[in-house]
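To start, the structure itself, in structure tokens.
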Amino acid sequence: MKEEPPGAPGPSVERFDGAVLHGGEPFTILYGPGVSDVFVDTAYQVCTLEQVLWRLLRAEGYERIVFASTDHPVYFRDSASRDLGRRGATVRQSSPTGPRTMRTPGMSGPMGNLLVTRTRAPAEERGPAGAPPPASGVSDPFAVMTLTGYLQQHGPRTAVVVPHAENYLRYNQAPRALAGAMANRARHHDNGNLWVLVFGQDTLEDTAQYVEGCRGYPPLETFVREQAGRSGPGRSGAVRIDYPHAAETERLIHTVRLGSGLRIGDWRELDTIVRAMATHPDKARSWKAWLERLAMAPGGALTVAAVREKGASVSAADHRSPWERLAAMPGLDAVRAHFGQLRDSVETMDALRAEGRATAVEPPSLHLMFSGNPGTGKTTVARLVGELYRDLGMLRRGHVVETRTSDLVAGYVGQTAELTNATIDRALEGVLFIDEAYGLSDQREGFGGEAIQTLVARMENDRGRLVVILAGYPDKMEQFLEANDGLRSRLTVLGFPDYPPDTLHAIALRRLVERGAKPSAETEGQLREIVLGMHRTRDESFGNARDMRTLADSVFERWAGRVRGRLTEPVGPADVPEHYRDFLPRPAPDPAELLAELDRYVGLGPVRETLTDLVKRLRLRQARGQAGFAPPHLLFTGPPGTGKTTVARLVGRIFRDLGLLRKGHVVEAGRATLVGEYQGHTAPLVRKAVQEALDGVLFIDEAYSLVSDARYGGFGKEAIDTLVPEMENRRGRLVVIAASYPREMDTFLAANPGLGSRFTTRVPFPHYDTDDLVEILRRMAAEENCTLAEGVRERAGAWLEGTRLTHPAEFGNARTVRKLLELMEARMADRYARGSTGDAAPSEYVPEDVPAPPVA
């Protein structure tokens, strides 16, 4: 390396910004994985950190650059620094009888009249060409005194560099003098000099813990701990030296190619290879050794496969640029527009700067929030953002650190900030992607709030070196923005909408074709219907493209198991797994067959008529080639015991068999489960019940009770006001059946103007007549393997009619029949007890088992 005059421009290294060397702090701390690495500068020279530091310090105007280590307490890497270190003294020839001394003791320096002897440095530590070797033979006390003197002087401008600070602090033989020098430096550091300490720790927190473990340097402990508590440019006294960036990685490849004959397998893959190497957390030293071995190996060549085998994450060779890959992603027009606008802005600013028309401005905030459901491309785009920003010159590495809440939040006070800062440090010069970021605000009562505060500070302070992308469900991310006042102003929100059915269908077909299977036209049609059904019944857990890949893979596996080696056979309808067939349209069943279960029940003529009409409508639409229709919400009006709950359970299954509902289950609810105890408690309860009933039936018995307290300021009306929009928004996936007395039902419908238009079908459940009630009695007895003797029907009818007349308000129809059967069973039991113990237990009810009818 050629020695250059102070301030001369020269080759640079992107990993180290020289601005940190004039931060005005008492110390400058260097740390991170790169401090023990080699660097490839813009002149394609491979150099050590000491060489890079020397060059940067010279460019920053430091005239005397002094190095110190355990083995060599004071040494120089250039003659100018050495001469300034002598302070104008001349050197005697070495004497075998004692140490060399200055000729003029009165002109002694910080080390008195003792002269520093020098021996040749190891080759790897040599400085610029022609530089003197490092000094040796100096005791630690004298060395500390010398360095202290250099730092205290007001000229020449001096930098002291300790390349291996851990060993220097741990094994220094003058720790008290060194601690005193640090204390003095902490108090007086405004003379333009610099003290640089290089630590091999990966994070600043680890560095702070190491210094504290040395237990002897309180000023340095305080300084490093304060730096660990700061962030970004505000942390001017500390800088992390990271892994090599893409530009340096590419220079390294060409250095080995030209120096060792490394062969590039396919030049079109070079950008993919550089990208993979730069985003893989490995040192240039390690890559250099690997590339040199590859160059020497018989037939060795640098290829994507070789880099993948080395352990770097690299996809199959894709020669497209990140912009082309973004353009190929479906359904992301707004996302593409945002990055396209950003590219235009950057190109314009570059052109303005080239003409000298742009003034220096603060770097823009590039942080993003990706709002969308699973499978909409958030993670894929996040992995592209690093490459996009790197291509625009906004990030040097462009790697992506993917993390979740558990990686940022610790278990006790103070640890969360350390953990968050360490994670952010790994993402510097790249992208920090936090999926399901709302998890931080969900547990703010714990330590998530501490993580958010740390994150916001670093987002601002490191805005030129860090891009943070927060992702999650739309509703939850909107709530997350409220967790900290600084979040919203620092983020650009990009929406990732659910894919439409046509796009989802295309994704599923493309996945099949990519795997080598070709679906028949009939199978394509079935897959379209399945996708339509999946899209229609989707909820917040719907995986969009992810679910399409799962669908295609399931079909492929069935097809592969069927055809074995007969690869020319297309994917057929039989290859669609059974659980996906629920989404396929099915022909409307015969009404008689569909409603056969209703035949078990008495007096359900109006119900049968309503359901028969639905079946006829569905058959008509199918005959026209039209799709089905959304099942209607129903009102069941009638007194207790007329079968409303039983029929509601049947309706779910019938609608499922008709293909109008996917599941057909029934969720039963009432005032106790839908109305809360305080303001704001009710709406979540209603939404929870609706969510549980999706693709089935929500049955609300005694619906009038929801508004029975409306005049007294109860919360039942809030339940109805919440239910009405849910009925509309979930139309096609939810059937609400409200049951009540006819008169009370009218009051219920009047509670909200939208209720009447949502409930389009009213099904009456009239009182059973006496014959129907007696028939119900017979069937109930038959279910218990009992029969009715002659004369029982007449006596039972008289009892039921008398009960209806004497207690009309309490008459419960089928429920009253159940009560009568229990009375009859008690009399049968008494009759059996009075009879012979050898007689068989009776199974036939006789007239005397029926009580006498009540008398008004």
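The first residue of the sequence shown is numbered 1, and numbering continues consecutively from there. No experiment lies behind these values; they were computed from the predicted model shown.
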Could you walk me through whether N752 and L723 satisfy the side-chain contact (heavy atoms from CB on, under 4.5 Å) test, starting with their C-alpha distance in whole Å, then the side-chain angles of each, then the deciding distance to 0.1 Å, before giving a yes or no? CA-CA 10 Å; N752 185 293; L723 180 64; over 6 Å; no

Distance-minimising heavy-atom pair for L820 and P851: CD1-CD, 3.8 Å

Verify, without hydrogens or angle tests, whether R793 (side chain) and E790 (backbone) share a donor-acceptor contact under 3.5 angstrom. no

I'd like to check L567 versus W559 (side-chain heavy atoms, cut-off strictly below 4.5 Å). Are they in contact? yes

Atom pair OH (Y438) and CG (D475), whose distance is rounded to the nearest 0.5 Å: 11.0 Å

Any side-chain heavy-atom pair from P639 and Y741 closer than 4.5 angstrom? yes

Could you check whether atom CZ of R743 has more than 12 heavy atoms from other residues, nucleotides or ligands sitting under 6.0 Å from it? no

Test item: T673 and L685 side chains (from C-beta on) under 4.5 Å apart, heavy atoms: no

Can you name the nearest heavy-atom pair linking K717 to A751, along with the distance? CE-O, 3.6 Å

Say whether, by atom type as modelled, one donor and one acceptor occur between the side chain of T523 and the main chain of V571 under 3.5 angstrom. yes

Rounded to the nearest 0.5 Å, how far apart are CD of E726 and CG of L734? 8.5 Å

Heavy-atom nearest pair, G641 first then Y768, reads O-CE1, 3.4 Å

Between F759 and H633, what is the ring plane arrangement, given parallel below 30°, perpendicular above 60°, and tilted in between? perpendicular

Does any part of the side chain of T537, heavy atoms only, come nearer than 4.5 Å to the side chain of F583, both counted from C-beta? yes

From the list N813, T642, D772, side chain to side chain donor-acceptor pair (under 3.5 Å) with H767 holds only for N813

Nearest non-hydrogen partners of R562 and P570, listed with the distance: NH2-O, 3.2 Å

Within the 4.5 Å heavy-atom criterion, are I737 and V666 side-chain neighbours or not? no

Is D830 salt-bridged to R834, cutoff N-O under 4.0 Å? yes

What verdict does the salt bridge (Lys or Arg N to Asp or Glu O under 4.0 Å) test give for E728 and R731, after you've listed the backbone C-alpha separation in whole Å, the side-chain angles of each residue and the deciding distance to 0.1 Å? CA-CA 5 Å; E728 184 63 30; R731 188 170 179 80; 5.2 Å; no

Euclidean distance, H505 NE2 relative to L551 CG, rounded to 0.5 Å: 9.0 Å

Determine whether a donor-acceptor pair (N or O, by modelled atom type, separation under 3.5 Å) exists between the side chain of N544 and the backbone of Y499. yes

Positive for side chain to side chain donor-acceptor pair (under 3.5 Å) with D849, one of R795, R827, R831: R831

Would a distance-only check, ignoring hydrogens and angles, find a side-chain to backbone donor-acceptor pair under 3.5 Å from D613 to T610? no

Verify the neighbour count for atom CD of E702: are there more than 12 heavy atoms of other residues, nucleotides or ligands below 6.0 Å? no

Does the side chain of H535 come within less than 4.5 Å of R538's, by heavy atoms? yes

Under the salt bridge (Lys or Arg N to Asp or Glu O under 4.0 Å) criterion, do R779 and E775 qualify, and how do the steps go? CA-CA 6 Å; R779 296 187 183 189; E775 176 60 19; 3.0 Å; yes

How close do V555 and V576 get, counting heavy atoms only, and between which atoms? CG2-CA, 4.4 Å

About how many Å separate CD of E784 and OG of S843, when rounded to the nearest 0.5 Å? 12.0 Å

After noting the C-alpha distance and the side-chain angles of R536 and R662, does the key distance pass the side-chain contact (heavy atoms from CB on, under 4.5 Å) rule? CA-CA 10 Å; R536 184 178 64 253; R662 183 172 171 234; over 6 Å; no

Nearest 0.5 Å, please: how far is CZ in F699 from OG1 in T645? 4.0 Å

Donor-acceptor under 3.5 Å (K644 side chain, D701 main chain): no

Separation between CG (L660) and CZ (R656), nearest 0.5 Å, reads 12.0 Å

For the pair M534 and L504, evaluate side-chain contact (heavy atoms from CB on, under 4.5 Å) and give the outcome as yes or no after the intermediate values. CA-CA 10 Å; M534 294 175 69; L504 293 171; over 6 Å; no

Heavy-atom distance under 4.5 Å between the side chains of L821 and E783, does that happen here? no

Between T803 and F811, is the side-chain contact (heavy atoms from CB on, under 4.5 Å) condition met? List the steps. CA-CA 7 Å; T803 301; F811 191 75; 4.0 Å; yes

Under 30°, 30 to 60°, or over 60°: which ring-plane class applies to Y678 and H681, parallel, tilted or perpendicular? parallel

Report yes if the side chains of R528 and D502 come closer than 4.5 Å at any heavy-atom pair, otherwise no. yes

Quick one: which residue pairs count as a side-chain hydrogen bond (donor to acceptor under 3.5 Å, both in side chains) with a foot in residues 548-558, not counting sequence neighbours? R511-D553, R515-D553

Over 12 foreign heavy atoms within 6.0 Å of CD, E677: no

